[in-house]
2 protein chains.
Amino acid sequence: MGITERRIREKEKVRETIIAKAWEMVQADGWEALSIRKIADAIEYSVPVIYDHFENKEAILSEFAKEGFRILSKKMEQAKQKAANPVEQLKAMADAYWNFAMKNTAYYRLMYGVGMQCCSGLGKDKEGFDDHVTDTIRQIVAKTKYKNTNVCLKYHTFWSILHGLVSIKITEQSRQDRELNKLVLQDAIEGFIKNLK
Amino acid sequence: MGITERRIREKEKVRETIIAKAWEMVQADGWEALSIRKIADAIEYSVPVIYDHFENKEAILSEFAKEGFRILSKKMEQAKQKAANPVEQLKAMADAYWNFAMKNTAYYRLMYGVGMQCCSGLGKDKEGFDDHVTDTIRQIVAKTKYKNTNVCLKYHTFWSILHGLVSIKITEQSRQDRELNKLVLQDAIEGFIKNLK
DNA sequence: TTACCTTTGCTAACACTGTTAGGAAAAAAG
DNA sequence: CTTTTTTCCTAACAGTGTTAGCAAAGGTAA
């Protein structure tokens, strides 16, 4: 009875082709340019076939958003492991966040809805990201005399600084030079760490 | 020859009606929901009339974005004038920025393209906003021993913190409680100021 | 092999979107 | 009362996401 298995494999292959071609488009021209009809054209199937694999257009896009969060989370974990002490870990993670966003603007724009109407619970997909950061912050705080610092609050501050920097950089594009942005990042994170102690 | 004058007045009135009705829609359902056809319906004119007043849909939206920057700039100036010393001024301006964004999310989303594909030189419309902040930062720095602090860099950091906070808050909507967000703002700005000295 | 049934994938439509060409009607000028 | 100009509309073009309904192909059982 390998027939149904082959069928399932073939169907899965179509699904993967949809994802692949859709991602090509998103990466090339941004998520705004993604169109069901264009995908259908690229995969050489008719339009309704896509709806056999995805509920709607947004479902395809949120697939990419999830993937983005997975990659970011992994990058930050790696950065954390390479650094020796908590302070360095926090700096490394900020750097990883920044580098990810700069090298994968298509992902980032999707993840944080920098130009997205849905944002239907995308925050839920952050998975892991917050744990890495909160853990590190907790360790830094533990070494200071202010033991009852609100770690959750600090985490939000950390995240806000990063996201603000990145989204301004992405929206403003050229105009600003790369050097300044790197400096702003370092400056902001340094200020954040000083305020922890 | 008051005829042409009346004509101009009438035309101007139509333009204002377009803006008014369009703004109603944007405020009610976000800029995504704005449609030329819906405007035409609301103003009781046919579709092409709108194109006699605006080059395209984006031109209407960027009109609102400009207006938003004007309002924000005024709010920050007022906040600055009420505060006594530079440090308090900076805090007041951060507060004004936050309050503006929370009370006028429709404007903010338009201004910073939180869900915008265009962002065609919208940064240019910041007018005034940066001057207020850089001036205040300069004054604070002048009182410290680190006279050659890069004010431009500090301004970017300040802005990034604010924008990050606001855009996360706007995108995440409910989930977080209002109190925490206010605290994050205060925490971040406090850290920023500490790092100036 | 034939009859049946299920799965697959298509055409074509619906209801929208922004934008524009071209012509009709109204207003002003001669 | 004509002629010219301005105003404004109809209708089309080229797209968009989404879905109903049908035809053809594939596998199953008699």
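All figures in this text were calculated on a predicted structure; none of them were measured in a lab. Residue numbers start from 1 in every chain, and the chains themselves are labelled A, B, ... in the order their sequence lines are given, proteins ahead of strands.
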(message) Does K75(A) have more than 12 heavy atoms from other residues, nucleotides or ligands lying within 6.0 Å of its NZ?
(response) no
(message) Tell me if the CD atom of E55(B) is crowded by more than 12 foreign heavy atoms within 6.0 Å.
(response) no
Is it the case that the side chain of [X] and the backbone of [Y] share a donor-acceptor pair, with hydrogens and angles ignored and the cut-off at 3.5 Å?
{"X": "K91(B)", "Y": "I193(B)", "result": "no"}
{"X": "S73(B)", "Y": "R70(B)", "result": "no"}
{"X": "S62(B)", "Y": "A59(B)", "result": "yes"}
{"X": "D187(B)", "Y": "L183(B)", "result": "no"}
{"X": "N150(A)", "Y": "L153(A)", "result": "yes"}
{"X": "K57(B)", "Y": "L34(B)", "result": "yes"}
{"X": "T134(B)", "Y": "D131(B)", "result": "yes"}

Protein-nucleotide distance ([X], atom [atom1]; [N], atom [atom2]), rounded to Å:
{"X": "I60(B)", "N": "dT19(C)", "atom1": "CD1", "atom2": "P", "answer": "9 Å"}
{"X": "M25(B)", "N": "dT17(C)", "atom1": "CE", "atom2": "P", "answer": "10 Å"}
{"X": "Y45(B)", "N": "dT10(D)", "atom1": "OH", "atom2": "P", "answer": "14 Å"}
{"X": "E32(B)", "N": "dG17(D)", "atom1": "CD", "atom2": "P", "answer": "16 Å"}
{"X": "I36(A)", "N": "dC16(C)", "atom1": "CD1", "atom2": "C1'", "answer": "15 Å"}
{"X": "D41(B)", "N": "dG18(C)", "atom1": "CG", "atom2": "P", "answer": "12 Å"}
{"X": "I43(B)", "N": "dC8(D)", "atom1": "CD1", "atom2": "P", "answer": "10 Å"}
{"X": "F54(B)", "N": "dT20(C)", "atom1": "CZ", "atom2": "C1'", "answer": "18 Å"}

Could you run down the sub-3.5 Å N/O contacts of the protein with nucleotides 23-27 of chain C?
{"residue": "dA27(C)", "atom": "O3'", "partner": "R7(B)", "partner atom": "NH2", "Å": "2.7"}

(request) Measure from the ring center of W98(A) to the ring center of Y108(A) and say whether it is less than 6.0 Å. (result) no
Check nucleotides 11-13 of chain C for protein N or O atoms closer than 3.5 Å to its own N or O atoms and list the pairs.
{"residue": "dA13(C)", "atom": "N6", "partner": "R37(A)", "partner atom": "NH2", "Å": "3.3"}

Check every strand shown and say whether [X] touches a base, only sugar-phosphate, or nothing at a heavy-atom separation below 4.0 Å.
{"X": "I39(A)", "value": "nothing"}
{"X": "N56(A)", "value": "sugar-phosphate"}
{"X": "Y51(A)", "value": "base"}
{"X": "I50(A)", "value": "nothing"}

(message) Quick check on the helix from dT1(C)-dA30(D) to dG30(C)-dC1(D): what's the angle between its two end axes, five base pairs per end, to the nearest 10°?
(response) 30°
(request) Would you kindly compare E55(A) and K38(A) by the position of their nearest DNA chain D nucleotide and give the one closer to the 5′ end? (result) K38(A)
(message) I'd like to know if E32(A) pairs up with R109(A) as an ion pair, taking the criterion as any Lys NZ or Arg NE/NH1/NH2 lying under 4.0 Å from an Asp or Glu carboxylate oxygen.
(response) yes
(message) At less than 4.0 Å, is any side-chain N or O atom of S35(A) found next to OP1 or OP2 of dG15(D)? Yes or no.
(response) no
(request) Taking only the side-chain heavy atoms of K11(B) (C-beta and beyond), determine which of dT7(D), dT19(C), dT18(D) contains the nearest atom. (result) dT7(D)
(request) Please tell me if the side chains of D135(A) and K80(A) come closer than 4.5 Å, counting only heavy atoms from C-beta onward. (result) yes
